[in-house]
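In the text below, chain A, chain B and the rest are named by the order of the sequence lines, each starting its count at 1.
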2 protein chains.
Amino acid sequence: MALPDTRTKILDAAEHLFAEHGYRGTSVRAVTDLAGANLAAVGYHFGSKAELLAAVARRVIEPITAAQSAGLDELLARTPDPPVAELVEAFAGPLFDEMPAGSESGARTSQLIVTILSDPAEEARSWTGPDEDTVRERYLAAFARALPGLAPQELLFRMRGIFAVTAVDRVEVYHRPSPACPTVTAGEEARHWAITFLTAAMSAPPTRAPR
Amino acid sequence: MALPDTRTKILDAAEHLFAEHGYRGTSVRAVTDLAGANLAAVGYHFGSKAELLAAVARRVIEPITAAQSAGLDELLARTPDPPVAELVEAFAGPLFDEMPAGSESGARTSQLIVTILSDPAEEARSWTGPDEDTVRERYLAAFARALPGLAPQELLFRMRGIFAVTAVDRVEVYHRPSPACPTVTAGEEARHWAITFLTAAMSAPPTRAPR
DNA sequence: GTTCGATTGAAACGAACGTTTGACTCATGT
DNA sequence: ACATGAGTCAAACGTTCGTTTCAATCGAAC
């Protein structure tokens, strides 16, 4: 096996540290130390810390977007109007699936996505490409057909909810041990729970206009 | 009207900036500049930047916890076993309600909570008190009665989902204008949408054990 | 063997950060 | 009139940060 080159080692280390400590909480020095590389290597291979983040984000998100797109293709090939449950599974599933059975890196991916998505830093906002937009539009259209009568704004709100629930692991308060529920949840079950949770949520009847 | 003292002005400025740029993205100098105070005032009144964050968080979260607790009291006084929808409203409602009709500061509160909850920084994790734990336990018990057959771990997952959906505004990708939905959502409707979304999600039947 | 582009190395740069210091202001109590 | 204490102020401290610089290294092409 060829040992990874410096560029890849830096990407791996950065992915790990960004996921755990966020963009601002991770120094370039910490990345290069963990990668066993020189400090200047980040500047050489990526240009800047912000571009390193973009590279990390792209590497993680690209296969997810591809899986979402392929899942929708498959669904639409079977029926032109897939039910909500299957749309949710096809859309939210890839957000969890990026764990190659080795449980350790599994939670890290979703954690990274959430950390990036919710990072208030300006630099964390420049990674989306046209592919993400395309997938988003296609799912929006599919959900709109499956949920007639739902206002576009509320649909958009609900789709943001899907991302938010993926972020659930970040809410630390509810990870503390509780008298009513002492054991902490594992990673694999969360995927099924999330699908259940989100399918029900997406399927809810439209909110009637207040007033 | 008495103009606010320095301590309050710093709290206000810090709340604003922490909500917008996060803990690490906000410098003490930015806070004191916005507050019109001296740089050393933070050290004098709060001791450190981390303790300032804790003070900000306490000031925002305390009334929410109190409202959640009072809401549950009211519910339980009416019936010993409230339905899920009312539990969701009592629990999630206060997370949105802290907007004094002036829409500008409304989104800020929930944004601040989310920013704090999801901040990877170590210092952002030390603000919860016994009151938050008590309220959490009481709602857990009430939800458990309203949702018989739901495993405690899955219930805990769903309650974290409530927080996550409140965080929905942070997911910037789905705020970008879309061909299918050009207009951006306002703040007040999000509350109703969230209640609808979360009530359906919480009411979902338990996930049957996989395998 | 030499040249050349690509990569790595150690060191330094300037800026920004959180914190501390010590003098100053000023209302209050005696 | 004077002492007191809380509060404010400008200035500086030491550290860490992202980035840059420039020499050293290495493999392949000639």
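- Residue A/F197 forms a side chain to side chain contact (heavy atoms under 4.5 Å, CB included) with just one option from B/R160, B/E154, B/R158, and that option is B/R158.
- In this structure, B/S27 reaches the C/dC17 phosphate: one of its side-chain N or O atoms is under 4.0 Å from OP1 or OP2.
- Rounded to a whole Å, the CZ atom of A/R29 is 13 Å from the P atom of C/dA11.
- At the heavy-atom level, B/A41 lies nowhere under 4.0 Å from the strands shown.
- Residue B/N38 places at least one side-chain N or O closer than 4.0 Å to OP1 or OP2 of D/dA10.
- What separates NE2 of A/H21 from P of D/dC17 is a distance of 12 Å, to the nearest Å.
- Residue B/Y44 has its side chain nearest to D/dA6 when only D/dA6, D/dT20, D/dT19 are considered.
- Per the geometry, CD belonging to B/E123 stands 10 Å off P belonging to C/dG18, to the nearest Å.
- Going from atom NZ of A/K49 over to atom P of D/dC17 covers 9 Å, rounded to whole Å.
- In this structure, A/F143 and A/F91 have perpendicular ring planes: the angle between them is above 60°, well past the 30° mark.
- A close approach under 4.0 Å does not occur between any side-chain nitrogen or oxygen of A/T6 and OP1 or OP2 of C/dT7.
- D/dC9 atom C1' lies 14 Å from atom NZ of B/K9, rounded to whole Å.
- Across the protein-nucleic acid pair, A/I10 atom CD1 and C/dG9 atom P stand 10 Å apart, rounded to whole Å.
- Side chains of B/T32 and B/N38 form no contact here, defined as non-hydrogen atoms less than 4.5 Å apart.
- Residue B/T32 is classed as having no contact, given no heavy-atom separation below 4.0 Å to the nucleic acid.
- Comparing A/H45 and B/L39, the nucleotide of DNA chain C nearest to each residue sits closer to the 5' end for A/H45.
- Across the protein-nucleic acid pair, A/R24 atom CZ and C/dG18 atom C1' stand 15 Å apart, rounded to whole Å.
- For the residue pair B/S48 and B/E51, a side-chain donor N or O sits within less than 3.5 Å of a side-chain acceptor on the partner.
- The nearest whole Å value for the distance from the CG atom in B/L52 to the C1' atom in C/dT19 is 14 Å.
- For the pair B/L53 and B/F46, the minimum side-chain heavy-atom distance is 4.5 Å or more.
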